[in-house]
Structure formats: C-alpha cells, structure tokens
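See below for the structure under consideration.
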Amino acid sequence: MDITLVQDGPFRFRIDQQDPMRVPGVVFATRDLLPQAAGDKALEQVANVATLPGIVRASFAMPDVHWGYGFPIGGVAATDIEDAGVVSPGGVGFDISCGVRLLAADIECDPLAPNMRTLMDILGDTIPRGMGRGGLWKLKGRPQMEELLVGGARYAVESGHGVPRDLARCEDYGVLDGADPSQVGQRAVERGLQQVGSLGSGNHFLEVQAVDRVYDAEAAAAFGLRPDQVCVMIHCGSRGLGHQVCTDHVRVMDQSLRTYGIHVPDRQLACVPVVSPPGRAYLGAMAAAANYGRANRQLLAEAARHAFAVAAGVDVDLVYDISHNTAKIETHEVDGVQRRLCVHRKGATRALPPGDPSLPEDLAGAGQPVLVPGTMGTASYVMVGTPGNDAFLSACHGAGRVWSRHQALRRVRGEELRSELEAQGIAVRPSSWRGLAEEAPGAYKDVDAVATATEGAGLARLVARLHPLGVVKG
DNA sequence: ATGTCC
C-alpha cells in the first residue's frame, strides 16, 4: 500500500481508506512527532491494522507511535465482536498489561532531601530488576498462581500486600474480568512463579519524582497531587509470564488464520474472531496475564511504601494504576449504535472522561488519571481523560522510541550517562550499563511534545508535570 | 518487552 498522510488539523493526520483497508487510518501528531527514522514502518502498520476483519471507525495512532510487532506501538483498534470482529495478540503486545502506577508521598522535595540518599539506597537494594532475577513474592506453585491470575492486585491485597483503598485507585479495581488460568500454559506459569514483584528491564523503572508544574489545580487536588510533592512512578508489566502467553497464543492464531478464512497483509497481525474458541482462549489468557501485571505493580508499590516509611517515616498513597497494553471488551457508540467492541490498546492508555460510570466516586468529577512516563532524565506527565475522544477514549502512553536499541548502544555509554544524570541531581540505581545506555533520553521522542500534542488532539488534558529525583532502572 | 534462539 502507498501511504499518503493528509493533514486534517494541527494535531491530526489521515490515511485515506484504500483497498484492502476497511477503514481509514488516523494519526494524532505534529509533523515533528511523525515516525521519521529510516525503516520505521509504523505508518504502514497503521494502514495494515485498518484491514482487520470487523474493525470500526479507524485505525488510530497516538502521538508517541512507533514501529512494533504487527501493530504499531501507540496504536488503537476496535473490532465489532458481533460483526466477525477479530482479536489479535499483536494488538496487545508481548508485555501484556504493561502499565504505570503513580503514588503520592505525604512530603515535599525539600524536607525529603536529607533522606533522599538513604531512600534511593533502600530502593536500590530492595527493588528486584533486570533480566531474569527473582521477585519479591515467591508463589508456591500452580494452584497459588491460578489464584493470582484470577484475582490480580485484589489477590495481592487480600494476601497482605497493600490496603483495600489501593484497589479503588486501580483500573478495573485491580482485576480484569474474564481471566481463564487454564489457557495459561505450564511454561508461562513456571516463568512467572519467581517474578511477582520485579521490574524487568528495557524501559521499565521505578522513579522518585516531584510535581514541578500543575496545569489543572482542581484535577490535581482530586488526584491527591500538590506542587513540589514527592511521587513514585512504577512502570512495568507481566514479565516472562505475559511474554510466554503472547508467544503461545500467537502460534495458535498463526495456524488458525486459514481456518477462519482471514487474510492479513502481515503475518504478525495473526488474529481470529473474538467469539471463536482460539479468540476466547487468548482473551482468557490475556486477562490472566493482565492480572499478573497488576499484582506485580501492587507488590512493587508496597516495597516503595516500605522504603519511604524506613527512610523518612512518610506515608505513600496510590494515585492510580493504569495499563497501556490490553484488549478489552467495551461498549462504544459507533454510527449512532451502541456496539460491543474489542478495543486493542497497544502502547495506548484508556482515558475515561469526567462522569464515566466505571470511575470510582472520588474520581468521577475530575475524570480518569492518564499516566505518561517519560524516560530517564526527562519529565513525566499526569493527564486526565476528556469528553469527545473519538479514539475509543484512548491517549498516549509515554515518549515513544526513535533510536533502535542498537543505535542507542553505538551513541551512548551507560557509565557516562549515569554521570550526566547525577550531575543534574538525578540519583541513578542501574541494573546494567548496557540497559542504561539503551534507554538514554536521546533514544526517545520529546515527552513534552507528546503530552502537548495529546492535549492539542483532544485526547486528554494536562494536569501535572513531574520531574525525576531518582531512578531505579530495570 | 523477553531465561534478547528450544
């Protein structure tokens, strides 16, 4: 397909429908944010996704869009489950329910400063991270794993890892419905048994941050955020378990394409109807892996709380926990009709507007917090969902890669990067020099521009900007 | 993202 972008507004581009696309592509971005690296096939992927059976409205891309497995990262696609709509593991990604959790400490930067070194040392010593490695909570075996896969963050809290109030501030109250542990293979379970409560690697991190700007005082107050306040942001996912679930079900779907007579322009878009046996199996396994990811973030939050209590005697409350790699069954109005859709968000964050019935009472007035992590040495943003978001209530999820890992390794040395960050007053507790170099700030889009474009496109509004004080790097 | 190739 020949990809031609037509500008529809300052933050909106269109890829017109052409055979075999079923709907147009819509890219929310500025010219500067559009994928430009040589060989970046993200826009071609937006068009490819538009060919999926049952897709409605458009194949969307958020301002942080970049090349991914089958679907672009930063992609949103919804299929009508009653009109042969498909589910595709590539539309969720390998790191199922990867997401962000933000906690707010009851202290400002200056009073914490004398204890900052101790805090970072405790976090550095207690937060498991890096490839492989153990987690904070060793599960006893498959029976206990199945409880966690069904119960998610709620199971973690019921097991003593957190307080009930945490669950009110988790997407879906900490549990994605429909988990089917019987669809999670033994290899996935074995990979997951030792990893609950661990960051992993890549762009995952635990960061101590401070609120350096408030754009919307009312929403910030509703979220429990105030100027100069110290926060903790945790970005991680479902580790080896989610990866194995994706691998196992992609294999099944690749073999099922012919059975269902589905033709896709890229094998990485392997998919089956939502209502088919392999579709149901994947969604059950995906929900189970999502619950693993949510329990994982719950355990890490508890470790952060413990560190703040020991280092500074300070309480830490959950602001919100939201995934940005999911497929969820949701009801949306399309062409004047309420339809049951399978909404794929891959590197895209759900963004519920004020008054949405799924929000807890204390967030209903403000809307859902949208958490946008930057990368090391850069800001992160708290945004909020807005009405009139036609991308099925979705927003960006972070900065978005522009250099490949290989390019980053050629350009940056981990040791030098740590020195530069420490010179900026940012404490760094890395897990490997290589991992640090791969995640250099220069390897990513400008998160400030991504957040500004997200607001300009009407996907979410700015609430607060956070700057890093210390990073524990996966 | 990922026991970075069963």
Side-chain angles (χ1 to χ4, degrees), chain A residues 40 42 45 64-75 88-101 128-135 138-139 145 184-206 234-252 254 268 285-286 288-290 292-294 296-297 300 322-327 344-349 373 375-376 397-410 414 430-440 443-444 473-474:
Chain A
D40 190 314
Q45 292 185 318
D64 47 336
V65 63
H66 59 286
W67 191 10
Y69 177 89
F71 284 57
I73 295 161
S88 174
V92 173
F94 277 83
D95 194 3
I96 294 165
S97 207
C98 179
V100 183
R101 174 175 288 228
R129 57 195 188 277
M131 284 287 285
R133 316 279 172 91
K138 314 277 190 263
L139 301 182
M145 174 63 86
V184 177
Q186 190 56 27
R187 186 187 285 188
V189 168
E190 282 164 12
R191 287 179 70 171
L193 283 173
Q194 307 294 312
Q195 294 184 319
V196 188
S198 64
L199 283 177
S201 59
N203 64 353
H204 292 164
F205 63 76
L206 181 151
I234 297 166
H235 178 206
C236 65
S238 51
R239 305 294 334 275
L241 182 139
H243 190 275
Q244 193 66 46
V245 164
C246 183
T247 301
D248 293 345
H249 286 261
V250 160
R251 185 176 297 123
V252 171
D254 189 61
Q268 294 183 354
M286 189 223 57
Y292 184 95
R294 288 145 193 235
N296 188 26
R297 289 194 288 276
L300 291 164
I322 184 82
S323 301
H324 48 232
N325 283 2
T326 57
H344 301 75
R345 294 189 185 89
K346 179 190 194 177
T349 309
T375 183
M376 284 179 301
H397 87 304
R401 254 199 124 74
V402 285
W403 295 349
S404 69
R405 296 190 179 284
H406 186 71
Q407 282 176 299
L409 285 177
R410 280 203 322 244
S431 76
S432 76
W433 295 124
R434 177 181 169 163
L436 204 65
E438 287 179 349
E439 296 302 314
Y444 284 82
K473 198 72 195 76

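Each chain gets a letter, A, B and so on, in the order the sequences are listed, and its residues count up from 1. Atom set for the values below is all heavy atoms of this structure, side chains included, hydrogens, waters and symmetry mates excluded.
Looking at every heavy atom in both residues, Asn325(A) comes nearest to Asp95(A) through ND2-O, 3.0 Å.
Atom OH in Tyr292(A) sits roughly 10 Å away from atom P in dT2(B) (whole-Å rounding). dT2(B) atom P lies 13 Å from atom CD1 of Ile73(A), rounded to whole Å. For the pair Glu190(A) CD and dT2(B) C1', the computed distance is 17 Å after rounding to whole Å. Atom CD of Gln244(A) is separated from atom C1' of dC6(B) by 10 Å (rounded to the nearest Å). Counting to the nearest Å, the C1' atom of dT2(B) and the CG atom of Asn296(A) are 14 Å from each other. Whole-Å rounding puts the Asp248(A) CG to dT2(B) P distance at 16 Å. One atom, CZ of Arg187(A), and another, C1' of dC6(B), lie 7 Å apart when rounded to the nearest Å. In this structure, the NE2 atom of His204(A) is 6 Å from the P atom of dT2(B), given to the nearest Å.
Checked by atom type, the side-chain pair Ser323(A)/Arg297(A) shows a donor-acceptor distance below 3.5 Å. Side-chain atoms of Ser198(A) and Arg239(A) form a donor-acceptor pair, as typed in the model, at a separation below 3.5 Å.
The residue Glu438(A) sits apart from the nucleic acid: no heavy atom pair falls under 4.0 Å. Among the protein residues, Gly240(A) comes within range of the sugar-phosphate backbone only, with heavy atoms under 4.0 Å from sugar or phosphate atoms but none that close to a base. Contact annotation for Gly202(A): backbone-only contact, meaning every heavy-atom pair under 4.0 Å involves sugar-phosphate atoms and none involves a base.
Phosphate contact (OP1/OP2 of dT4(B), side-chain N/O of Ser201(A), threshold under 4.0 Å): absent.
Using a 30° and 60° split on the angle between ring planes, His235(A) and His204(A) fall in the perpendicular class, above 60°.
If you find the closest nucleotide of DNA chain B to Arg251(A) and to Arg239(A), the one lying nearer the 5' end belongs to Arg239(A).
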